[in-house]
Amino acid sequence: MHRRDRILLDKLSHDSLRQGAAPGGATVEFFRHLDDDAVRRHLAGIRATDSKNAVLVVTQGVFSMDSDTPQLPNSWPSAASSAPS
């Protein structure tokens, strides 16, 4: 990741993911826990002003504290459709 790139993290992501995102220099933003609409809004906002730089959306397979899981099939189309052409 580069300085102008963005990383979107679930607000309840494990601290190791937060620490891993920080040193790369990309802007780290958080979205509401397991909220696909929030991810879509973030992506739309980013792409409205930046169509070139990378956006990495990060979540976990299982959030161990609550044992909840993201519905990844619902999330993938949002991320894929925001990719630069």
Side-chain angles (χ1 to χ4, degrees):
M1 302 299 298
H2 302 282
R3 187 175 57 84
R4 291 188 180 102
D5 295 336
R6 308 269 185 107
I7 299 173
L8 300 179
L9 277 166
D10 188 295
K11 279 188 177 180
L12 296 186
S13 291
H14 191 273
D15 192 52
S16 62
L17 292 175
R18 293 170 180 248
Q19 289 180 19
T27 300
V28 179
E29 300 176 22
F30 297 92
F31 61 88
R32 202 167 126 196
H33 180 56
L34 297 180
D35 187 341
D36 291 333
D37 290 331
V39 173
R40 281 190 271 283
R41 285 190 302 273
H42 273 276
L43 290 170
I46 291 167
R47 288 301 177 218
T49 59
D50 179 0
S51 61
K52 294 192 290 187
N53 295 297
V55 179
L56 177 65
V57 179
V58 180
T59 189
Q60 294 178 206
V62 176
F63 289 84
S64 60
M65 295 296 287
D66 297 325
S67 296
D68 48 0
T69 59
Q71 299 301 312
L72 293 177
N74 297 337
S75 304
W76 283 111
S78 297
S81 67
S82 75
S85 305

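In this text, all values refer to a predicted model and were calculated from it rather than measured experimentally. Computed from heavy atoms alone, side chains included, the values below leave out hydrogens, waters and symmetry copies.
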- Message: Using only atom types and a distance under 3.5 Å, with no angle test, would you say the side chain of H42 pairs donor to acceptor with the backbone of F30?
- Response: yes
- Item | Side chain Q60, main chain H14, donor-acceptor under 3.5 Å | yes
- Query: Heavy-atom distance under 4.5 Å between the side chains of R47 and V55, does that happen here?
  - Reply: yes
- Measure across A38 and F31 and return the closest heavy-atom pair with its distance rounded to 0.1 Å. CB-CB, 4.2 Å
- Query: Any side-chain heavy atom of L43 sitting closer than 4.5 Å to one from L8?
  - Reply: yes
- M1 and A26 have their tightest heavy-atom pair at CB-CB, 3.9 Å
- Item | same_hphob_cluster(L34, L12) at 4.5 Å side-chain heavy-atom cutoff | yes
- To the nearest 0.5 Å, how far apart are CG in D36 and CZ in R41? 10.5 Å
- For residues K11 and D35, determine if any side-chain heavy atom of one lies less than 4.5 Å from a side-chain heavy atom of the other. no
- Message: Salt bridge or not between D15 and R18? Use side-chain N to carboxylate O under 4.0 Å.
- Response: no
- Task: Measure the spacing between CD of E29 and CD1 of I46 and express it to the nearest 0.5 Å.
- Result: 4.5 Å
- Task: Check each of D10, L17, V28 against V58 using the side chain to side chain contact (heavy atoms under 4.5 Å, CB included) test, and report the only one that passes.
- Result: L17
